[in-house]
2 protein chains.
Amino acid sequence: MATRTDTKEKILDLAEALMREKGFGEFSYAHLSSELNIKNAAVHYHFPSKDDLGKAIIERALQRFITWSHLDSIKEMRPKEKLAAFMEVYYKQNLDYSFRLCLIGSSAAAFPALPERMQQEVKGLAETILGWLAQVFEEGREKWELNFNGSAKAMASVFISTLAGALQLSRIGGKSFYTTTVEQLWNQLLVKH
Amino acid sequence: MATRTDTKEKILDLAEALMREKGFGEFSYAHLSSELNIKNAAVHYHFPSKDDLGKAIIERALQRFITWSHLDSIKEMRPKEKLAAFMEVYYKQNLDYSFRLCLIGSSAAAFPALPERMQQEVKGLAETILGWLAQVFEEGREKWELNFNGSAKAMASVFISTLAGALQLSRIGGKSFYTTTVEQLWNQLLVKH
DNA sequence: AAACATACTTACTAACTAGTAAGTAAACAA
DNA sequence: TTGTTTACTTACTAGTTAGTAAGTATGTTT
């Protein structure tokens, strides 16, 4: 058949979910095809190699983030609200679904084992997110909404590292580990010093 | 031959290094045996299943941490020094060797894909380290050496999450990402507020 | 000296891995 | 209505995976 289908999107959805649950190296074309009731060659049709699939997962995530951050509803927010919105998305997209990691965290953990083209894509994604966060922190400090010493970029690095790390460790320590950790992180940003 | 050998230790050393470089699911008995110039059945002789191997890696790491933390030279330290010593070990054992992760981070990232017995072992290791850190933070605040709000346990959670996260993200952002991030984390602990 | 344990090797297997070549059926374009 | 493109399926392969059964050489115990 040649009817317009959404198979490609479905493959991407499932592959991304599996990558965040188990890691990029821990799912196979067989997993994808059996779950979607197609043959593994159909997956190869849309994504000839696993490199292609991996690259596409990250590309799509980057587009998603760009779209989100350019939303009027986000752009209109004050810095503190932006940060809270980011954390909200982060929490919802990840911890709501059986301890799925964020793509950055999942990619970083398996980085040396990832296809090179995928590594490049991941670098772009990380830079974009970190850049956005640094801007929010800068603006937040200027407007006296967020408190921290040092550069906004360094603070953004701590912020994303803590979120990603806490998400991963919450697989060991449970959901409460995540909420405790992130609350502590958040409170530190509000304390006047 | 049946001469006393250190093959078992060598296997553990290599397996741990590979686990931290690539992840537990990303190395095979063939990798181990070819690197050590033995046959894969020899690895199975010492560690019948990969579950056994994984469990042994974590058990050994736990023993190593306990031994380290019970060292007189560590016990005699003041809280701030203890924390600095922990960070020193963390940095040396990981970033000095081509972006190897810590075992907690590597385990957390692949957690759902790990053998169950290994998961249990990882939980024990994480609890032990977190407990030790929480004590150090508590003592550090009492003695006015470390500054933070909230509970010592929460602060310890932020601390270890940030370290583990920064280590992972440094694979994407380079060594400077790690040093920037950890310096920012450290400075926050010293700021009076 | 005999029996046993240790530390392997040789030789194998069943299951799974990404990937391919060739065929097919439907939709679409000329 | 013929040709082309899309979206697959069927059928396959070469390589890798963890794991096993049986044999062997050495050292240790009795």
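Convention: sequence-line order gives letters A, B, ...; per-chain numbering from 1. Please read these numbers as outputs of a predicted model, since none were measured by experiment.
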* Structure fact -> Checking C:dC8, D:dT10, D:dT20 against the side chain of B:His46 (C-beta onward), the nearest is C:dC8
* **Minimum-distance pair of heavy atoms, taken over all atoms of A:Ala85 and A:Ile74** => CB-CD1, 4.3 Å
* Carboxylate-amine/guanidinium proximity below 4.0 Å for A:Glu127 and A:Lys123 -> no
* C:dC8 phosphate, OP1 or OP2: any side-chain N/O from B:Thr7 under 4.0 angstrom? -> yes
* Spacing of A:Glu9 atom CD relative to D:dC8 atom P, expressed in whole Å -> 13 Å
* Asked: Is the shortest distance from a Lys or Arg side-chain nitrogen in A:Glu16 or A:Arg60 to a carboxylate oxygen in the other one below 4.0 Å?
  -> yes
* Taking only side-chain nitrogens and oxygens of A:Ser28, does any of them come within less than 4.0 Å of OP1 or OP2 of C:dC16? -> no
* Structure fact -> Winner on side-chain proximity to A:His44, out of D:dT17, D:dA18, C:dA18, is C:dA18
* To do: Using atom CG of B:Asn37 as one end and atom P of C:dC8 as the other, report the distance to the nearest whole Å.
  => 13 Å
* **B:Leu32 CG - D:dT16 C1' separation (whole Å)** => 14 Å
* Structure fact -> The nucleotide from D:dT17, C:dA18, D:dT9 with an atom nearest the side chain of A:Ala41 is D:dT9
* Any ion pair linking B:Glu139 and B:Lys82 (charged N to carboxylate O, less than 4.0 Å)? -> yes
* Structure fact -> From CE of B:Met118 across to P of D:dA18 the rounded distance in Å is 13 Å
* Whole-Å distance separating the CD atom of B:Glu26 from the P atom of C:dT17 -> 12 Å
* To do: For B:Phe47, answer base if it contacts any base atom (sugar-phosphate contacts may also be present), sugar-phosphate if it contacts only those atoms, and nothing otherwise; contact means non-hydrogen atoms under 4.0 Å.
  => nothing
* To do: Please report, rounded to the nearest Å, how far the P atom of D:dT10 is from the CG atom of A:Asn40.
  => 12 Å
* Are A:Ser161 and B:Thr162 close enough that a side-chain donor and a side-chain acceptor fall under 3.5 Å? -> no
* NA contact type, B:Lys39, heavy-atom cut-off 4.0 Å: base, sugar-phosphate, or nothing? -> base
* Send over the distance from B:Lys22 NZ to D:dT16 P, rounded to a whole Å. => 12 Å
* Structure fact -> Separation of D:dT17 atom C1' from A:Tyr29 atom OH, nearest Å, is 19 Å
* Asked: Does OP1 or OP2 of D:dA7 have a side-chain N or O of A:Tyr45 closer than 4.0 Å?
  -> yes
